[in-house]
Amino acid sequence: MLWMIIAFVLIIICVAVCLIYCSNYKKNIETTIGNAEDKAREIIDEALKTAESKKREGLLEVKEESIRTKNELDKEIKERRAEAQRYERRVQQKEESVDKKADALEKKEAGLTAREEELAKQREVVAKLSEERVQELERISGLTSEQAKEHLLKIVEDEVKHETAVMIKELESRAKEEADKKAKEYVVTAIQKCAADHVSETTISVVQLPNDEMKGRIIGREGRNIRTLETLTGVELIIDDTPEAVILSGFDPIRREIARIALEKLIVDGRIHPARIEEMVEKAQKEVEVRIKEEGETAPLELGVHGIHPELIKLLGKMRFRTSYGQNALKHSIEVAHLTGLLASELGLDVRMAKRAGLLHDIGKAVDHEMEGSHIQLGAELCRKYKESATVINAVESHHGDVEAQSLIACLVQAADTISAARPGARRETLETYTTRLKQLEEITNNFKGVDKSFAIQAGREVRVMVVPEQINDSDMILLARDISKQIEAELEYPGQIKINVIRESRVVEYAK
């Protein structure tokens, strides 16, 4: 029982303690809530005060910014006004300056007008004085004004002639180096393509006939055989009174050779008609092609030169049928190659390269009658096309002096080419052509006023002109030589160049007795 009482008492105590604790806790909560509400009201009041303060500060900043902006605008306006005032002052100063200049110009114009009037009066006085002076001079000199004018013009003309002669001499000497190079190119081209009196020697071939009856068979019924042969070969057949011979005429030596071979075969065969002619011409073309190839291959083998392109070898073969003043182009090239190789061996240079350059130096002559350009330009282009060395190309370009030689081998090719062309018997010219050119040279020079006599010497490469010293002075000699050279260039066709040597000699003879 006791423990139940004790337990009951304990329960009552615990309930009492709980009631007391709950009552205190409620009071504490109420106190805490009240404090929180007071704190919240204080925070709100403080926030309101802070917001009001920030608002006032923002308004102050806006006012200060607006005041600052206004001040800056006022300052900028003042500066622009000052600048506008400066521009205005400058404009006013310029207007004043223009007004002053206008006033000065008006004054000058007035002064010029007065001066012109004064000059007009002075001109009248000068004209009168000039007229009086002319009259006085005519009286003193005994010459009229026209006579004096002619005398003065003669003096001026002599002075101008002298000055012109001196100027021409200076210009000629100054341009001589450049002119020589150009002249060489022009002369080489003229020699290669000139069609003068000597052409007849290299543009015809003669075919011998067994008898004169063969001429009629070659002509054929109504000329059909000769027309067929001329059409197929491109060569003209000349059948005249020459006994037992037919002449083939054509500028292309290869076509002429084809026609000659075909005609000889027809004569041997005896059957001459259009179909047979066509067959023989075709065979002759093949024979000539084979011969061209053989000739082209023989030349490099003879010289010991290898590795030449087949097309260049073919062109070398064509040169067998090309001539220059009677000198065969292929034989000339072989001779130049030999000479170049000999000179190169003496100097310790590459002999094979020297021979190669000498052999190919005139390769352009194989095509210069078919293509536009000089044989130098065409030869250089062919060597470039078929991958020849720079030394060979330069030797081809420079062997006539058109381009500067860049190697010793190119210089040797120049020398060998000159030696081969200039040696006795290398190139031929008919006696009739030779004498005709000498006669024409002397006739041209003798027709000029003041020439006493002239002599063509050095095989027509020089003409010496003797002038009358009383009619031709030293200045006139230069002009005379130039006029003679122009006249010769216009009227004559000749290889190389002709030197005009004008000679003026004055002698005084007296005897002591």
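Bear in mind the structure is a predicted one, so any value in this text is a computation, not a measurement.
For H332 and H361, the distance between ring centers is under 6.0 angstrom.
Within the structure, the side-chain hydrogen bond (donor to acceptor under 3.5 Å, both in side chains) test picks out the following pairs touching residues 388-397 (sequence neighbours left out): R356-E388, R384-E397. Residue pairs that meet the salt bridge (Lys or Arg N to Asp or Glu O under 4.0 Å) test with at least one member in residues 112-123, sequence neighbours left out, do not exist here.
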In a table with atom names and distances, give each donor-acceptor pair under 3.5 Å that connects a side chain of residues 450-457 to protein atoms at least two apart or in another chain.
unit_1: S454; atom_1: OG; unit_2: E442; atom_2: O; d: 3.4
unit_1: S454; atom_1: OG; unit_2: T445; atom_2: OG1; d: 2.6
unit_1: S454; atom_1: OG; unit_2: N446; atom_2: OD1; d: 2.9

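For L408, the CG atom sits in a loose shell: 12 or fewer heavy atoms of surrounding residues, nucleotides or ligands are nearer than 6.0 Å. Counting heavy atoms of neighbouring residues, nucleotides and ligands inside a 6.0 Å radius, atom CD of E57 exceeds 12 of them. Sparse packing is recorded around CZ of R80, with 12 or fewer heavy atoms of other residues, nucleotides or ligands lying under 6.0 Å away.
The heavy-atom pair separating L359 from S333 by the smallest distance is O-CB, 3.5 Å. Minimum interatomic distance between M319 and A366 (heavy atoms only, all atoms of both residues): CG-CB, 3.8 Å. Closest non-hydrogen pair, E505 versus P469, comes out as O-CG, 3.3 Å. Between G379 and V396, the closest heavy-atom pair is C-CG1, 3.7 Å. For I363 against L382, the heavy-atom pair with the smallest separation is O-CD1, 4.2 Å.
Note that NZ of K70 is 8.5 Å distant from CD1 of I67, once rounded to the nearest 0.5 Å. Within the model, atoms CD of E46 and CD1 of I44 stand 12.0 Å from one another, a figure rounded to the nearest 0.5 Å. To the nearest 0.5 Å, atoms CD (E76) and CG (N71) are separated by 13.0 Å. Between the CD1 atom in I503 and the CE atom in M477 there is a gap of 8.0 Å [rounded to 0.5 Å]. The structure places CD1 of I393 at 11.0 Å from CD of E381, a figure rounded to the nearest 0.5 Å.
With sequence neighbours left out, N473 forms a side chain to side chain contact (heavy atoms under 4.5 Å, CB included) with S475, D476. Taking the salt bridge (charged side-chain N to carboxylate O under 4.0 Å, His left out) definition, one finds that R464 meets it with E462, sequence neighbours left out. Judged as a salt bridge (charged side-chain N to carboxylate O under 4.0 Å, His left out), and not counting sequence neighbours, R90 has no contacts.
Side chain of R320 to main chain of L330: no donor-acceptor pair is present (N/O by atom type, distance under 3.5 Å, no hydrogens or angles).
Residues D103 and K100 are not paired through a salt bridge, judged by the lack of any N-O separation under 4.0 Å between the basic side chain and the carboxylate.
In this structure the side chain of I484 never reaches within 4.5 angstrom of the side chain of Q487, judged on heavy atoms. Taking 4.5 Å as the limit, some side-chain heavy atom of L412 sits within range of a side-chain heavy atom of L347. For the pair E491 and I444, the minimum side-chain heavy-atom distance is below 4.5 Å.
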